[in-house]
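Chain A is the first sequence line, chain B the second, and so forth, proteins listed ahead of strands; every chain is numbered from 1.
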Amino acid sequence: MQLEKDEITMNYNFREIEAKWQKYWAENETFKALNNSEKPKYYALSMFPYPSGAGLHVGHPLGYIATDIYARYKRHKGFNVLHPMGYDSFGLPAEQYAIQTGQHPAITTEANIKRYREQLDQLGFSFDWSREVRTSNPSYYKWTQWIFIQLFNSWYNKTSDKAEEISGLVALFEKDGNEAVNAAFDDDTPIFNAEDWNSFSDRTKQEVLLKYRLTYLADTEVNWCPALGTVLANDEIVNGVSERGGHPVIRKKMTQWSMRITAYAQRLLDGLDTIDWPQPLKDSQTNWIGRSEGASVTFNVLPPAPSIGRGANIRLTGNSAIIGILLERAKEMRKRPTPAEAKLWEALRGKKLNVKFRRQHPVHNYIVDFIALEKGLIVEVDGKIHEYQLDADAQRTLELKQKKGFKVIRFTNDEVLHDIDGVVSKIKEVLNSLPSGEGWGGDQIEVFTTRPDTIFGVSFMTLAPEHELVSKITAQEQKEAVDAYVEATAKRSERDRMADVKTISGVFTGAYAEHPFTKEPVPIWIGDYVLASYGTGAVMAVPCGDQRDYDFAKHYDIAIPNIFEGVDISEEAFADKATTVIANSDFLNGLDYKKAVKKAIEELEKLGQGEGKVNYRLRDAVFSRQRYWGEPFPVYYVDGMPQMIADEHLPLELPEVEKYLPTETGEPPLGNATHWAWNSIENKVVSNEKIDNNTIFPLELNTMPGWAGSSQYFNRYMDPHNDNAIYSKEAIEYWEDVDLYIGGSEHATGHLLYSRFWQKFLFDKGIAPKEEFAKKLINQGMITGTSAFVYRLRFQVKPGYKTSLENILKIVDNMPVVYLSKNLFDQNVRDKSKNAGENAFLEKLLEKYANADKAWTHDISVKFSRLHVDVTFVNASDELDIKAYQNSIPEMQNIVFESEGNGNFGLEREIEKMSKSKYNVVNPDAICEEYGADSLRLYEMFLGPLEQSKPWNTAGITGVHSFLKKLWRLYHTGPNGEFYVTDSPPLEGQGEALKSLHKTIKKVEEDIKNFSFNTSVSTFMICVNELTSQKCTSKAILEPLAILVSPYAPYIAEELWEKLGYTESIAEAPFPKFEEKYLVESSKEYPISFNGKMRFTMQLPLDMAKDEIEAAVMGHEKTQAQLQGRTPKKVIVVPGKIVNIVG
RNA sequence: GCUCGAGUGGUGGAAUUGGUAGACACGUUGGACUUAAAAUCCAAUGGCCAUUGUGGCCGUGCGGGUUCAAGUCCCGCCUCGAGUACCA
């Protein structure tokens, strides 16, 4: 018994130490942060986890450890440190589990959190647990709902460039309508004046306001995942399938809440320059926002049968280049009609035939006698078309008829003068046969282009098949083909479309647009390479300058005009902006890219057909999910219009449901709730039966997405228990923002973009003092697993066996499954025949286990497979612990292990992602049990640079573990290994120890500054090795050393600190101060190199002058040996660094 | 395809502004202690050649270049990883 007790004091008993300090920290609230302090603040944050059922594996804590080291270091440096932790506890897995088992997600979540907490506690983090938040707690999501309401009550004023109260917008509408308002709003918003607005019904007003609110309800094309029964955000889809579960996703139109994040596109982009985040992360946000500069250009659709009204048509049907002359001419002609024209006009004018006719009307390059625009009918008298300016060749007549789609009928003067009734009835007849072309004319196609400089290279236009104009403009004769194409594309899933980028497909609509400058007709195609969701869903195709347009043009044999000077485009498009010189482009000729863009935009603006424009790829974020386990929207519906629940009645708590699946009518799971109606008088949730749509209304059935709760949690930590506000002004003014944020790179475009958006919004509203929530962000790399493999042999009956099946089966059934060790496999089987008959080794095995006549063994074959072996049964030398492994598998399995000669059973190792299915998951609990949390913390850091991904191999942990033992022993050099530290001041000869210490202080501080934690672990090892060999026992050295180590290995540091005589925790002990004076060297071991190659070293005083060094080196016998009599051409001496002899 | 990142011993990885490549560990080999094992300690360990010893040659993905000197800087390639994907 005595012996055991001694051993406890002597040895590094990490289990006891760690349990002791865990308790101490919890009881003394050692890491509790104060919201007011004389000290400077420091806010260190790790991304909070989703508490999954599997618990933590060794990869998870990597980032937490790094943050913790930094937080602890800052505490030693005299900062008031906020280092909180919580749980992102709403989420899909708990809900899926609920669907399968009926278990309430809150219960599973609670259990998972409990396990997480145990694991986190064990790892020795300096979290202030008093500030824990859980996104699924009503007291937390009250404020998520509150922010939602704030967004609902705000609009984005582009003039002040910030979010403002919606009431201000209403005031503007009341005064001036919406035309002059510069806001972020929906495209389909109608224009109204003050009078209109004031006459709108309340409902209409609400509808209009929804088009301006920062969160709004709208019919949106969403990514619907039938298998999950919910909508997914773009960033929740990976390769066309759901990120969770890999289910197919289709496009569907649904009424959904959306977040107007697009209003913040530019600020989200600009803000990236102000924060110290990893470049790849910034790049991916930049990419996601997708800003491109260019121009929007309006193309007028040339009408086959232009429509009625709106005076604008007069311009639209005529070639605008010559419209002035045409109109003048037409006027003149109207003044002097022929008798026949006059007579017919009397019969047609004033809608006598129920159709409005115009006379002497310009169409394209011509003036026609009479035209019914809405029917596309031209009536010509005397069989003539008054041509103007251009030759009346057959081509142009054809153009009017076919390309422009007009029906032309002709009468002679005689017919009109003598049989006006017959003529009119003929016209009536034709009119009746024509479809009403209402809405045909006056259509415009707006495109976005980044290359307005290439506008003269346009030879066609392409619309997305979903473009709203497609059905309108498609010519009769192309209708069938276009419809078929549109239908075919709609059917194709996103995934198909993505997988199949190479195939070129499209259909001509039969319609033409007019080129803004040349006024030439430009054919309009549709093609699925144009995306409805980007830009305007239409492109001006410039085949010579864009490869996709080029390929399309080649495929459909469309002209490819070359507008580049000295460039060959016979093989491919030319897209190099830097070397672009424009040609064949009228006023753009000879200009480079930049100048041509500017000029083209200027000219377009003159025409009123374009302007410079910035386009973003970023879409508004869909915010509704058809799930149960998420934040309920604080919304009820009156007359179908959403109403917010007043702040003082929040939180609106998640109702109980019987089933977590969608309802039979396809409503979200909350549709199952029986108690889910809002009493607007009593302001409480009541039974659905009471809904009267008078005072009691239905509540919203969707819930918020996973990112809702995580978009502001970092601010809530500052004042997590505040019930009156999301946080107090004092709290956020003290803490301001996160100084260091560490987490995985997978959140680059999800959490980290949405959080920045919400933060900017809160900043606009004066609720947050900083526009960016995290100054510095680090992505920790992934820890991958090292899988272990074994080769398994099974004996089988060979197909085409020659003897009795019954007998062979008898033998085979009794044969074991053989596991081959790696070396045996490598030497005897890999790269060799796996047919027993041709492989002596296998033949031998077969005979060994068949225990049968040779005749029988010919009918037995060997089948190989490579199996994952659970890494818990693998030792440091990649060998299998056969006994332990056997104990883990069912007994009835007859397995034999073919080991190597020395009895070891080697395994093959391979790096793979850490996952349950690969049996390579390493559990931190087991590591802590065997080596302790300090060892785990050190080892995770020791593995390599924080930001790199690196493989886990438990074997290596013995290195850091024995370091900790050495560290312990350094303080326990007394008799029987008792604690022994000398109090006496540093003696003579302690120079070396002080040097070791200060070298370490310097390096560790540098490392922490650079987040290079792996190298500081090495530094500690070197220091302890040095002090051990120096037999250092001085308190003056060992005390600061304990503080140095404490951020990395806090448990052992606390224990040593206590043994050194302190009664307070080491947590706030001041970090040792580095003193340069202990590192001053008097001499240096110079590397002496010859032609750049180091040959030997020489100890020389550091204060030696350059020429003295040269003389000393040249005088050295080894120098002479190296030179072998040659005279050096040059001797380079860099004092304090190197000597290089050339020659 | 585009964007970004990375290639160094058997393995993880060091190497500050160009200045002794492989620190520190793991693993391996040999040795000490032990009845034995574990633990601990000592020594060797980039490759090749030579060797009693001193030593020599090659070497940071490949090919060039700049420099007294290149893992590090420049040019051109190759491979791997991550993100993104018809973005007009």
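Comparing the C1' positions of B/rC74 and B/rG18 gives a spacing of 13 Å, expressed to the nearest Å. The same atom, C1', is picked in B/rU11 and in B/rA23; the two are 16 Å apart, to the nearest Å. When the P atom is compared between B/rG27 and B/rG12, the two are found 15 Å apart, to the nearest whole Å. Nucleotides B/rA21 and B/rG13, compared at atom C1', are 13 Å apart to the nearest Å. A distance of about 12 Å separates the P atoms of B/rG65 and B/rA70, rounded to the whole Å.
Taking the six-membered ring for Trp and the full ring otherwise, the centers of A/His515 and A/Phe456 sit less than 6.0 Å from each other. Ring centroids of A/His972 and A/Tyr12 are separated by 6.0 Å or more, keeping the two rings apart.
Pair assignment for B/rC77: B/rG61, on the basis of Watson-Crick or G-U wobble contacts that are both within less than 3.5 Å.
Position along RNA chain B of the nearest nucleotide to A/Lys1002 versus A/Pro280 favours A/Pro280 as the more 5'-ward residue. When each of A/Gly535 and A/Ile1141 is assigned the nucleotide of RNA chain B with its nearest heavy atom, A/Ile1141 is the one assigned upstream, toward the 5' end.
Closest to the side chain of A/Leu531, from the set B/rG56, B/rG13, B/rA88, is B/rA88. Out of B/rA88, B/rU40, B/rC68, the shortest distance to the side chain of A/Lys965 is found at B/rU40. Comparing B/rC24, B/rU20, B/rC87 by their nearest atom to the side chain of A/Ile1022 picks out B/rC24.
Salt bridge status for A/Lys613 with A/Glu611: absent, with no side-chain N to carboxylate O gap under 4.0 Å.
Dashed line: the shortest gap from a side-chain N or O of A/Lys1130 to OP1 or OP2 of B/rC68 is under 4.0 Å. A sub-4.0 Å separation between OP1 or OP2 of B/rC57 and a side-chain N or O of A/Arg1095 is present.
A distance of 10.0 Å separates CG of A/Asn953 from OG1 of A/Thr784, quoted to the nearest 0.5 Å.
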